[in-house]
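Quick notes on the structure that follows.
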Amino acid sequence: MNTQNRTNPPPDALSKVYSPKQVEKAWYQQWLSKRYFSASFKSKKKPYTVVIPPPNITGILHMGHALNNTLQDILVRHKRMQGFETLWVPGTDHAGIATQNVVEKSLKEEGLSRQALGREEFLKRVWKWREKYGHTIIRQLHRIGCSCDWERTRFTMDEGLSKAVREVFVRLYEKGLIYRGKYIINWCPRCQTALSDEEVQHKEITGHLYYLKYAIEGTDQHVTIATTRPETMLGDTAVGYHPGDERYRHLEGKTALLPLLNRRLTIIQDDLIDPKFGTGALKITPAHDPVDFNLAEKHGLEYVNILNPDGTLNENAGPYKGLDRFEARKKIVSELEDRRILLEMKEHVHAVGHCYRCQTVIEPYLSPQWFVRMKSLAKPAIAAVKEGKTTFTPKRWTKVYLDWMNHIKDWCISRQIWWGHRIPVWTCESCRSKGTPPKTPKDSKIYTEPGMVVSRETPKKCPVCGNAELVQDPDVLDTWFSSWLWPFSTLGWPEKSEELKFFYPTSCLVTGYEIIFFWVARMMIAGHEFMGKEPFKEVYIHGIVRDQTGAKMSKSLGNAVDPIHIIDEYGADALRYGIISITAEGQDVYASKEKFEVGRNFANKVWNASRFVIMNLDKKIIHSCLKSNQAPKITLLGPFDRWILSRLNQTIFNVTDSLEKLRFNEAISTLYDFFWHHFCDWYVELAKPGIRSEGTQWTLCEVLDKTLKLLHPFMPFITEEVWQKIPHRGESIMTSAWPKLDKKRIDTKIEAEAELVISEIQAIRNVRSAWQINPKERVTVAVKTARDREMKILKNYSTYIVQMAKVSSLQIGKNVKRPKESAVANIGRVETYVVLSGLIDTQMERQRIECALLDVEKMIRGLQGRLRNEDFVKKAPKEIVEREQRKAEELENRKKRLLENLKVLTY
RNA sequence: GGGCAAUUAGCUCAGUCGGUUAGAGCGUUCGCUUCACAUGCGAAAGGUCAGUGGUUCGAGCCCACUAUUGCCCACCA
């Protein structure tokens, strides 16, 4: 497609129904080939930057992505039209565990395993898999219409980004902010890796609390402890109670005996132990519980690990070795029961940690891992938000962010998987065995272990002894250890690139609340640590997309409305419209097909209204308008031309304002209302008889042009397609200028007049409808009004009333008498009689009037109540009181007239 | 245990600074193949704004408590 060749087609070439399919692909290609999405640091414009939350390479587009990326595209298209140098950086995340799981699954189908393939071969497979499927989601984003700068597409495992990861690791290590140590971490026995605290999802589970009897050595006494995980008793090395707990005072200095294994257990006191829970006595399992681990460190207890990495029991479990942890639980419970050691079993609801990738129950597990010290790093990220350098929308997330930051814990960053950034640490075996201290960077605060080499690049030999056989740490880094650098690593960091200088910090980050801790908070930390500046000025947090039943949409649940299906069926604009229209600020949204039907209908309305305008354009008039680039003289504009232009400018203001405030649904509903209910329902209908007049021709073009521009960020395809068919300047609507409010066009006087006339037309239509008058039939109408102003207006606009209400003769005056056999309608102080010769049914008309009377009386009662209240009259603002008084007068007037009309009917 | 959100028409939801007769879409009812659009046009019905108490001249909106639902966080085993 070529814009130059696309002159206005003859009207009959426009079909009655908008078909998005033919349009979307062509325009997207056109935009790409014109490089409209590309941004350059050489620009003289102000920058506006957005980085995409990189979807996982395993991802297939779902409604959540559709929402997230539509929002970003709206921002970016809006800012681009406003004249910013706009950059939207796209890319994907390697998603360590998720991707490894997916590839392992496909290997399993081939009867293979990663262990059988070996590390190198397995990684080749993953890269192959990524080549094949890793771009699916990117292609799908094209279909939504996303205007990302695709030439800058990044991947978290790209060479540049990998370099950034290593740089960050080494820098933090040298500052003493990365350390290795043996601690209790969250272990997923299925993925067989450590997880960070954030990667554990807690779920309320109804389990049991088991009461077990532990004998006291050398006595016939015992102590009863309560546990939810009886199998961990095999790893017990102590029993404890609160130092103030009198019940157990007699146990001080004694030793308990572990049932089944007869291990001797120290008895300790610690105020960490809650005397109110269970029996107040606690079994202590240092290797399998974080609290117990702390107790063990404090009291110098032994650590007994009873688990293998896969969740089966190891040799420390004696006779239970080899059993899966849940099998073991069953067996142990039944044996304890047999031996009368299990005294009681109570139902117990508690939170159980699950792996966020595979939902397997997590085990607290003692193992050596790498950690980032977060406390000091968090400080500038906290300050930036407190000082308002970065703001959250909706505001409530500020607190969530700050709470997490203020209680931040060290981040476990090593993962025992293969797919990911390898930890840049090597070991020189000979130095290690000899205990030779390593070369320490000059102002380093760190203690380094013998033989440990931390390096940005793969070292060829040991920097201490020259040994060439160095062994790299087998583990990889948490996926989020690359994601947290995204706002600057994608712009070239650690190089001092021009891009960074121009585009950093980014403007707005758009994401869902489920990754505030994983991603947003950590990006804030990294941005301050490595760039010395906040990574984004605004964070917009949107809701999660759910299905009609409220479940989070997911493929596995089979409840997903597939955005691609919606695009195929209704078009991308309908998808975008639907998803935006239901997104109130930050609320979760419930997606169903009907929502997108509304979008399709709206697109079709835009299409048909435009088609009507195009069919009725007088090329000569338009040509001269375009040529002069001037609006016609005000005298050439009819009252409704001026009315719709006033409404248009009000809409320009409201839509721009809503977008600035990130109120997307407000912006689109303003546009929907303006276009459909003001422009189509009233203006176009009113304009039909005089459509060839210069003023109307110009107004039609002006309103359509500006409205399409306002709509473009929301519905990019149809607006471009239609805009190209109306007289326009410029190549593409997406590079055209955002409409500016023209205050001179806002005319409150004409709006008030138009509203009166519209109400009058509606009143007549109401009567017609109530009396079932054939729509084709014209009616005789008489209007009585006491006020000059209203009479003048109605007389001035009488042709419109005649036209829109199908009136045959219209009489307007102060002393108009009610015609015989007529029905009455009241608006304000205006009384309208519609002649119903032969149709009038006194009974029915009386009922109508009585109904209206009831309404009026109810309102009068409310108003009188207020006006009789002295406090109201005294304390309320003057305008409000006056308004209420006017209203009351008017209602009294209306009541009087209704009563008169009722009287007439009784004859 | 702590926190956040939601509760408005039959359904799904808006409602900004406390101030007209509380809005929209869908659905419903009535009438229309009116020459842009039946994916449409015109008209209408439909509400104790979860409950209780308070602040205020005035509350869907502010405050307190309660109820129901959902989510997040937390080392009560």
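So that the names make sense, note that chain A is the first sequence line, chain B the second, and so on, each numbered from 1. The structure displayed is predicted, hence computed values, not measured ones.
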- Message: Heavy-atom nearest nucleotide on RNA chain B for A:N294 versus A:R765: which residue maps closer to 5'?
- Response: A:R765
- Message: Mind checking if A:Q762 touches a base, just sugar-phosphate, or nothing, with heavy atoms under 4.0 Å?
- Response: sugar-phosphate
- Message: Taking any heavy-atom pair under 4.0 Å as a contact, classify A:D673: base, sugar-phosphate, or nothing.
- Response: nothing
- Message: Does the plane of the ring in A:F602 sit parallel, tilted or perpendicular to the ring in A:Y672? Use 30° and 60° as the thresholds.
- Response: tilted
- Message: What is the distance, to the nearest angstrom, from the CG atom on A:D274 to the P atom on B:C75?
- Response: 15 Å
- Under 4.0 angstrom, heavy atoms only, what part of the nucleic acid is A:E879 near: base, sugar-phosphate, or nothing? nothing
- Message: I'd like to know whether A:E884 forms a salt bridge (Lys or Arg N to Asp or Glu O under 4.0 Å) with A:K887, so could you lay out the CA-CA distance, the side-chain angles of the two residues, the decisive distance to 0.1 Å, and finally the verdict.
- Response: CA-CA 5 Å; A:E884 300 290 272; A:K887 219 160 48 187; 2.7 Å; yes
- Item | Separation of the C1' atoms in B:A6 and B:G51, to the nearest angstrom | 15 Å
- Whole-Å distance between B:A44 P and A:R768 CZ? 14 Å
- Expressed as a whole number of Å, how far does the P atom of B:U52 sit from that of B:G60? 13 Å
- Message: Quick check for you: among B:A77, B:C37, B:A74, whose closest atom lies nearest to any side-chain atom of A:R611?
- Response: B:C37
- Message: Could you check whether the side chain of A:E666 and the base of B:U16 have a donor-acceptor pair of N or O atoms closer than 3.5 Å, going by distance alone?
- Response: yes
- A:W676 CH2 to B:C37 P: how many Å, rounded? 14 Å
- Task: Examine the base of B:C37 for any acceptor or donor lying under 3.5 Å from a partner atom in the side chain of A:K605, and report the outcome as yes or no.
- Result: yes
- Over how many whole Å does the gap from A:Y683 atom OH to B:C37 atom P extend? 19 Å
- Task: Pick base, sugar-phosphate or nothing for A:H348, based on heavy-atom distances below 4.0 Å to the nucleic acid.
- Result: sugar-phosphate
- Item | Nearest-Å distance for atom pair OH/C1', residues A:Y672 and B:C13 | 14 Å
- Would you say the side-chain atoms of A:Y356 and A:Q201 include a donor-acceptor pair closer than 3.5 Å? no
- Message: Would you measure the distance from the C1' atom in B:C61 across to the matching atom in B:U7 and give it in whole Å?
- Response: 14 Å
- Message: Please give the distance between the C1' atoms of B:A45 and B:A9 as a whole number of Å.
- Response: 11 Å
- Message: Against the six-membered ring of A:F612, is A:K688 placed for a cation-pi contact (under 6.0 Å from the centre, within 45° of the normal)?
- Response: yes
- Mate of B:G40 where both pairing distances stay under 3.5 Å, Watson-Crick or G-U: B:C32
- Task: Report yes or no: is there a donor-acceptor pair, N or O only, under 3.5 Å between the side chain of A:E685 and the base of B:A36?
- Result: yes
- Mind checking A:K806 for me? I need base, sugar-phosphate or nothing, with any heavy atom below 4.0 Å counting as a touch. nothing
- Query: When syn is taken as a glycosidic angle within 90 degrees of 0, is B:C17 syn or anti?
  - Reply: syn
- As its Watson-Crick or G-U partner within any shown strand, both distances under 3.5 Å, B:G1 has B:C73
- Query: Would you say the side chains of A:T285 and A:D236 form a donor-acceptor pair under 3.5 Å?
  - Reply: yes
- Item | Atom pair distance, as rounded to whole Å: CG in A:D855 and C1' in B:A44 | 13 Å
- Query: Taking the C1' atom of each, how far is B:G54 from B:C72, in whole Å?
  - Reply: 31 Å
- Query: Nearest-Å distance, CD1 (A:I580) to P (B:U12)?
  - Reply: 21 Å
- Below 4.0 angstrom, N of the basic side chain to O of the carboxylate: do A:E363 and A:R229 qualify? yes
- Considering only the C1' atoms, how many Å lie between B:U21 and B:C49, rounded to the nearest integer? 15 Å
- C1' atoms of B:U56 and B:C63, separation to the nearest Å: 12 Å
- Protein-nucleotide distance (A:I579, atom CD1; B:C13, atom P), rounded to Å: 14 Å
